[in-house]
Amino acid sequence: MARLIISADGPDKFAIWKEAFAKAAPDLTVCSWYAPETHLLPSDYVLVWKPEADHYAALAQAKAILCTGAGVDHLLQHPHFPVHVPLVRMGGEQTAHLMADYVTWAAIGLLRDARTWAIQQNQHQWVYNGIARTSAEIRIGVMGLGHLGAYVATHLARVGFQVAGWKRSAASVPNVQVYVGQEALPEFLATTDILVNLLPSTPQTRGLVTYDFLKNLPRGAGFINVGRGEHVVQADLLQALDTGLLCGAVLDVVTPEPLPEQSPLWGHPRVTVTPHVASEASAYKQAEYVAQAIEQLERGEKPALLCNPHTGY
Ligand code: NDP
């Protein structure tokens, strides 16, 4: 019988996880990492988010590590992360659907300039700013067409946008034009009215979004960042917004998080900031996903979202 040791979210949240696993996977034994009687065995699985520095040595003993986040850059960048231990990223339908809902909201908000409505409401101003342009006229480009990106792109196509995506290796995604590799990037950007970042944070993608990069987009394009704050050079993003290169940005992820109180992003009239909330499935759905991944590992199978430590995602 598999055993899961939970360190994710600290000792206080263990009760929530325990209840979720009791409902989603009653056969799985779950223990708190922080309980004095818990001693990790080589047959144990561990569920983590951001482990404490002194957890890493013990993690090296685990059979596999499962992360409550889809992005595992913070783990892989830690000098003591045990890369030899299988690492499974968070996934599942609800995680992807939440992301698709968020990006749809952000894209429609950019399309209709909803940021101006929010500012005007704050100032009790009734100023007409109707925009006669529909989703069908807008080309959305999704950078990163993995578990989340492919789902989001398909969803946006169903909503009625014209959708393209950019990734490293060839693939086909229904109703989505796929651009592959560095050579295809200029054409992908040149035909994108709203750019969505859903890349993982890796040495190749950190700092990718600069002023020069954004210059490849049609003037007045929108930008949605739901990947990681590190993908974006923030001063360049502000320059792109202030010079009209971009019409607006919706940022769910920033650097650092939380965004410092004095950041110019907070009050920027073309920026909407949300506190890294785009996609976090319920504890029950995460427990269900984790239990399925453990079942696969127990059968000797590879879960779909097994991280490749060499590519970093
Ligand atoms: P996946 O690993 O499934 O997908 C990553 C995609 O990015 C793949 O299509 C991959 O291409 C592509 N990619 C990676 N590197 C490059 C590169 N150098 N050039 C072009 N394409 C590249 O990740 P997920 O979809 O599960 O998650 C994506 C990210 O979303 C996470 O890493 C995390 O940072 C972020 N996230 C944010 C959340 C939020 O609430 N804001 C919640 C969850 C995740 P290929 O398929 O060809 O290898």
Side-chain angles (χ1 to χ4, degrees), residues 8 49-50 66-77 87-106 141-156 163-173 176-189 192 195-209 213 223-232 249-255 257-259 272-282 285-286 289 293 302-313:
W49 170 228
K50 288 185 175 163
L66 299 105
C67 182
T68 58
V72 290
D73 41 292
H74 60 295
L75 296 174
L76 296 176
Q77 283 180 71
L87 170 63
V88 181
R89 305 183 301 104
M90 184 48 60
E93 207 275 338
Q94 196 186 56
T95 301
H97 203 146
L98 284 164
M99 185 58 88
D101 285 347
Y102 179 98
V103 174
T104 306
W105 161 79
V142 181
M143 294 198 290
L145 276 183
H147 174 62
L148 297 177
Y151 189 102
V152 167
T154 312
H155 190 87
L156 291 167
V163 188
W166 179 65
K167 67 197 295 288
R168 278 224 296 214
S169 54
S172 96
V173 179
V176 177
Q177 184 171 359
V178 180
Y179 290 85
V180 178
Q182 208 60 36
E183 322 73 66
L185 187 59
E187 191 189 341
F188 165 75
L189 292 174
T192 289
L195 181 66
V196 179
N197 176 35
L198 257 170
L199 288 167
S201 175
T202 69
Q204 289 75 39
T205 63
R206 286 193 270 280
L208 180 74
V209 182
F213 177 93
F223 177 55
I224 299 168
N225 192 10
V226 275
R228 284 288 180 264
E230 298 84 46
H231 288 130
V232 176
V250 180
L251 310 174
D252 185 51
V253 287
V254 286
T255 306
E257 291 180 9
L259 187 64
T272 299
V273 175
T274 57
H276 203 143
V277 289
S279 161
E280 184 179 358
S282 68
K285 287 291 178 192
Q286 291 194 53
Y289 172 87
K302 279 189 179 177
L305 301 188
L306 189 65
C307 175
N308 176 346
H310 303 295
T311 57
Y313 62 94

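Start at 1 and go down the list; that is how both ligands and their atoms are numbered.
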I'd like a table of the close N/O pairs between ligand 1 and the protein (anything under 3.5 Å), one pair per line with both atom names and the distance.
unit_1, atom_1, unit_2, atom_2, d
ligand 1, 2 (O), R89, NH2, 3.2
ligand 1, 3 (O), R89, NH2, 3.0
ligand 1, 3 (O), H147, N, 2.8
ligand 1, 9 (O), L145, N, 3.0
ligand 1, 9 (O), L145, O, 3.4
ligand 1, 9 (O), G146, N, 3.0
ligand 1, 11 (O), R168, N, 3.4
ligand 1, 21 (N), R168, N, 3.4
ligand 1, 25 (O), H147, N, 3.4
ligand 1, 25 (O), L148, N, 2.8
ligand 1, 26 (O), R89, NH1, 2.8
ligand 1, 26 (O), R89, NH2, 3.4
ligand 1, 34 (O), G227, O, 3.4
ligand 1, 34 (O), R228, NH1, 3.3
ligand 1, 40 (O), S279, N, 3.2
ligand 1, 41 (N), V226, O, 3.2
ligand 1, 41 (N), D252, OD2, 2.9
ligand 1, 46 (O), K167, NZ, 3.1
ligand 1, 47 (O), K167, NZ, 3.1
ligand 1, 47 (O), R168, N, 3.0
ligand 1, 47 (O), S169, N, 2.6
ligand 1, 47 (O), S169, OG, 2.7
ligand 1, 48 (O), Y313, OH, 2.5

N225/V209 under side chain to side chain contact (heavy atoms under 4.5 Å, CB included): CA gap, chis, key distance, verdict: CA-CA 10 Å; N225 192 10; V209 182; over 6 Å; no
Nearest-0.5 Å distance that lies between atom CG in L251 and atom CD in E257: 10.5 Å
Nearest-0.5 Å distance that lies between atom OG1 in T205 and atom CD in E230: 9.0 Å
N/O donor-acceptor pair under 3.5 Å between D73 side chain and S201 backbone: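 No, the answer is negative, given that no donor and acceptor are paired below the 3.5 Å cut-off.
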Short side-chain donor-acceptor distance under 3.5 Å, T95 and Y289: no
Whether F188 and W166 hold their rings parallel, tilted or perpendicular, with breakpoints at 30° and 60°: parallel
